[in-house]
K.L.:
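Quick one: the structure is below, and I'll ask about it shortly.
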Amino acid sequence: MKKVAPETVRVRMAPSPTGYLHIGGARTALFNYLFAKHHNGTFILRIDDTDTARSTDASMQEIYDSLKWLSINWDEQYIQSERRNIYDRYVSQLLESGNAYHCYCTPEELEEIRKQARANKQTRSYDGRYRDLTPEAVQRFVAEGRKPTVRIKIPDTPIRVDDLILGSRNIDPATLEDEVIVRSNGMPNYNLTSIIDDAEMQITHVIRGTEHLNNTPKQIVIANALGLKVPQFAHIPLVLDSGGRKMSKRHHGDLVAVNRYREQGYLPEAMLNFVVRLGWSYDDKQEIFSVDELIEKFDLERVGKSGSVFDIKKLEWLNSHYINQLDSAARTDAVIPFWQEAGLLNNSIGDRDWLEGIVEAVGERLTTLQDIVPQTSYFFTDAFEYEPKAVKKWWGNSEEKRERTREILTNISQILEEIPTFDIETIEAAIWKYTDEKDIKRVAAMQALRIALTGASFGPSLFDIVVLLGKDEVLKRIPKAIEHLT
RNA sequence: GCCGCUAUCGUCUAGGGGUUAGGACGGGUGGUUCUCAGCCACCAAACCGGGGUUCGAAUCCCCGUAGCGGUACCA
């Protein structure tokens, strides 16, 4: 494997603004970013928007937002649609040197050519039929109103492709065809603009997904025809769905959108850590990496060759890890927008200490920040349902059992009402004293009370809940539950 | 169809001519506990197949097979 060239590293992430930033794009951005930072180089964001029909400003904005959220910051930025004159100049050069030519193929003709090629099991379809037109023929086509495309001439010598991850190989030019480099509407195409900009921007390493592997020899041909320096390539394997297929907007919708994970309460640190391990590993010991550590340790040589499946369970694990890492103040800050979004909290936040108390009570139970909503809504409202399954199991499904539960709840209510100080220790002692004296199973009493106060059979320590809810609220909810039981 | 890439537990992966093939996620079992989560302990789980080379192959080579990617006037 080749060593990194001594010159200053310059890499780029070149998304097309045709949708949100997706998981694969985020990983490509990260790999580029880490590689740049590791080598003290420059990370460039280049918007490849030569497809004017599909590119949108909204998409561009979302890509910026997602990258910023992930703290993948770029040092320089370019937008290809603003660089038309540069590409036009190179196209003229190609035309003049005879390395490219106008092609007057109609869409119908192209379709027919492709059909034929397939039927004949040919490797390439377009046969270069417009390569050498007489001036008369050109005139005729122009008179017909045909708008030509520009095609690059594929030479007949083998093309060597070096890849830092996949190794080197020679491409038989017979497997390549004269690619369209300028559309009939005059807009240059990806293969052209990409390799020109890589040279213009002095990109040293092109790190991109393997879906671009087959574009690489075409781009090398263009660069060679233009006398441009070719960057080193590193094609990183694809991010796959659980069925082993490439994750794409087309097939997976916003399941692949980085923004969606942000909205669901995933932390950027978790996303970064998750995504970097899709194809890259350090050793057999470490799973958790901070960004600084990644910058220090990231290396193209440790990127694998095969695709990696996106495993949401692993992401969830990482996310809970990073949430648990937050102290309660930071965790509260992180969670407040989710309470607000759910309408449990208005903009004025209110009693900050109380909120932090809730967050502390919830402890390590959050997988995503959004989990705070279902797990704590009962703190904000008593308009919850008593979970039927829990009711059946802990409140009882016979009249005798329900009577018994009513008795327990009534007793506890009384105990709590008469308690001298409403704090955890005192309450705990009083309840245990009660259950021990009456020979009631702790779990039975606690679960009965838990359901009365929260509607559910699971959650944080009940004593935390009781104290956080406060005496008044607890003494309101117990009778309500008893009534429900009657 | 054609061109290309890839192949270790379900998943992410480490390793790599001689290992009980390691870790993590997920799963399972037990313990702790007022429930859940967590934590602790333990368990199951893999080198795609066939040929070579070799004393020895999961590892190197070849051939298959399978999967995936590309096959646009998208990127």
Side-chain angles (χ1 to χ4, degrees), chain A residues 14-18 48-51 53-55 103 105 107 110 114 117-125 147-151 161 163 166-167 169 171-172 174-177 179-191 193-194 208-217 235 237-238 240 242-246 274 277-288 302 304-318 320 324 362-367 375 390 394 428 431-432 435 441-451 454 456-463:
Chain A
S16 67
T18 55
D48 280 11
D49 59 347
T50 51
D51 186 349
R54 295 198 307 148
S55 299
C103 170
C105 240
L110 273 176
R114 254 178 234 125
R118 201 172 177 131
N120 297 334
K121 302 190 174 192
Q122 286 165 344
T123 298
R124 65 175 164 194
S125 49
K147 295 271 186 243
T149 59
V150 177
R151 286 182 187 266
V161 178
D163 191 285
L166 297 172
R169 66 211 164 96
I171 302 298
D172 180 357
T175 65
L176 265 28
E177 59 184 56
E179 203 75 20
V180 170
I181 54 174
V182 181
R183 300 173 172 86
S184 54
N185 68 5
M187 267 310 270
N189 252 325
Y190 167 75
N191 281 125
T193 59
S194 180
R208 68 199 344 175
T210 32
E211 71 266 30
H212 288 293
L213 195 56
N214 293 317
N215 288 325
T216 309
H235 287 95
L238 300 172
L240 279 10
S242 57
R245 288 175 164 278
K246 174 182 161 186
F274 172 67
R277 289 287 287 100
L278 258 25
W280 176 85
S281 63
Y282 180 63
D283 59 16
D284 64 340
K285 298 187 173 57
Q286 195 171 357
E287 289 287 341
I288 307 288
R302 296 202 63 88
K305 296 178 178 183
S306 51
S308 339
V309 173
F310 178 98
D311 179 11
I312 189 74
K313 288 291 183 191
K314 181 100 172 255
L315 209 209
E316 286 175 353
W317 169 71
L318 280 165
S320 58
N324 297 342
V362 167
E364 303 197 337
R365 269 166 271 249
L366 299 177
T367 296
Q375 287 188 27
W394 296 107
E428 182 168 357
I431 302 253
W432 288 165
T435 52
K441 275 192 190 160
R442 287 181 172 193
V443 65
M446 294 298 273
Q447 288 296 73
L449 180 59
R450 177 184 295 280
I451 295 162
T454 74
S457 61
F458 55 86
S461 164
L462 232 202
F463 299 115

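Reminder, nothing fancy here: chain letters follow the sequence lines and each chain counts from 1.
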K.L.:
Sticking with atom P, work out how far B/rG4 lies from B/rC60, rounded to a whole angstrom.
P.N.:
22 Å
K.L.:
Taking only the side-chain nitrogens and oxygens of A/Ser242, find out if one of them lies under 4.0 Å from OP1 or OP2 of B/rU11.
P.N.:
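For A/Ser242, the contact criterion (side-chain N or O under 4.0 Å from OP1 or OP2 of B/rU11) is not met.
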K.L.:
Under a 3.5 Å limit for both distances, which nucleotide forms a Watson-Crick or G-U wobble pair with B/rA57, could you say?
P.N.:
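Check on B/rA57: unpaired, no WC or wobble geometry under 3.5 Å.
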K.L.:
Please give, in whole Å, the distance from B/rA72 P to A/Met187 CE?
P.N.:
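About 20 Å, once rounded to whole Å.
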K.L.:
What's the gap between B/rU65 and B/rG49 when it is taken at their C1' atoms, as a whole Å value?
P.N.:
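Between the two C1' atoms, the distance is 7 Å.
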K.L.:
Return the nearest nucleotide to the side chain of A/Thr50; candidates are B/rC25, B/rC34, B/rA75.
P.N.:
B/rA75
K.L.:
NA contact type, A/His235, heavy-atom cut-off 4.0 Å: base, sugar-phosphate, or nothing?
P.N.:
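It contacts nothing in the nucleic acid.
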K.L.:
At 4.0 Å (heavy atoms only), tell me whether A/Gly363 reaches a base, stays on the sugar-phosphate, or touches nothing.
P.N.:
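Nothing, no heavy atom under 4.0 Å.
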K.L.:
Can you check the distance between B/rG70 and B/rC39, where both ends of the measurement are the P atom (answer in whole Å)?
P.N.:
40 Å
K.L.:
Name the pairing partner of B/rA44, where a pair is Watson-Crick or G-U wobble with both distances under 3.5 Å, or state none.
P.N.:
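The answer is none; no pair meets the criterion.
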K.L.:
So, OP1 or OP2 of B/rG69: does either fall under 4.0 Å of a side-chain N or O from A/Arg245?
P.N.:
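It does, given that an N or O in the side chain of A/Arg245 lies less than 4.0 Å from OP1 or OP2 of B/rG69.
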K.L.:
Does any nucleotide pair with B/rC74 by Watson-Crick or G-U wobble geometry, both distances under 3.5 Å, and what is it?
P.N.:
none
K.L.:
Quote, to the nearest angstrom, the P distance that separates B/rA58 from B/rC9.
P.N.:
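About 15 Å, rounded to a whole number of Å.
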K.L.:
Kindly point out which of B/rC73, B/rA14, B/rG10 is positioned nearest to the side chain of A/Arg302?
P.N.:
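Nucleotide nearest to A/Arg302's side chain: B/rA14.
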K.L.:
At under 4.0 Å between heavy atoms, what does A/Thr149 touch on the DNA or RNA strands: base, sugar-phosphate, or nothing?
P.N.:
base
K.L.:
P atom, B/rG10 versus B/rA44: distance in rounded Å?
P.N.:
15 Å
K.L.:
Heavy atoms only, 4.0 Å cut-off, all strands: where does A/Ser306 land among base, sugar-phosphate and nothing?
P.N.:
sugar-phosphate
K.L.:
According to the Watson-Crick and G-U wobble definitions, with both distances under 3.5 Å, which nucleotide is paired to B/rU65?
P.N.:
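Across all strands, the one nucleotide that pairs with B/rU65 is B/rA7.
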K.L.:
Taking any heavy-atom pair under 4.0 Å as a contact, classify A/Cys103: base, sugar-phosphate, or nothing.
P.N.:
nothing
K.L.:
Taking the P atom of each, how far is B/rA24 from B/rC36, in whole Å?
P.N.:
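These two P atoms come out 25 Å apart once rounded.
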K.L.:
Over all strands shown, is A/Arg54 touching base, sugar-phosphate only, or nothing at heavy-atom distances under 4.0 angstrom?
P.N.:
base
K.L.:
So what does A/Leu462 hit on the nucleic acid, given a heavy-atom distance under 4.0 Å: a base, only sugar-phosphate, or nothing?
P.N.:
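Base, at least one base atom sits under 4.0 Å.
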K.L.:
Counting just side-chain N and O atoms, does A/Arg442 come under 4.0 Å of either OP1 or OP2 of B/rC34?
P.N.:
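Answer is yes, contact under 4.0 Å.
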K.L.:
With a 3.5 Å limit on both atom pairs, tell me what B/rA37 is paired to, counting Watson-Crick and G-U wobble, or say none.
P.N.:
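Answer to the pairing question: none, since B/rA37 forms no Watson-Crick or G-U pair.
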K.L.:
Classify the nucleic acid contact of A/Asn215 as base, sugar-phosphate or nothing, counting any heavy atom under 4.0 Å across all strands shown.
P.N.:
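Base, at least one base heavy atom under 4.0 Å.
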K.L.:
Answer yes or no: does a side-chain N or O of A/Arg114 lie under 4.0 Å from OP1 or OP2 of B/rA72?
P.N.:
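True: A/Arg114 side-chain N/O within range (under 4.0 Å) of B/rA72 OP1/OP2.
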K.L.:
Report which part of the nucleic acid A/Ser457 touches: base, sugar-phosphate, or nothing (heavy-atom distance under 4.0 Å, all strands).
P.N.:
base
K.L.:
Considering every strand and a 4.0 Å limit on heavy-atom distances, what is the contact class for A/Glu287: base, sugar-phosphate, or nothing?
P.N.:
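Here A/Glu287 touches the bases of the nucleic acid.
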K.L.:
Per the ring-ring contact (aromatic ring centres under 6.0 Å, His included) rule, which among A/Trp280, A/Trp317, A/Phe310 passes with A/Phe274?
P.N.:
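Of all the options given, the one that passes is A/Phe310.
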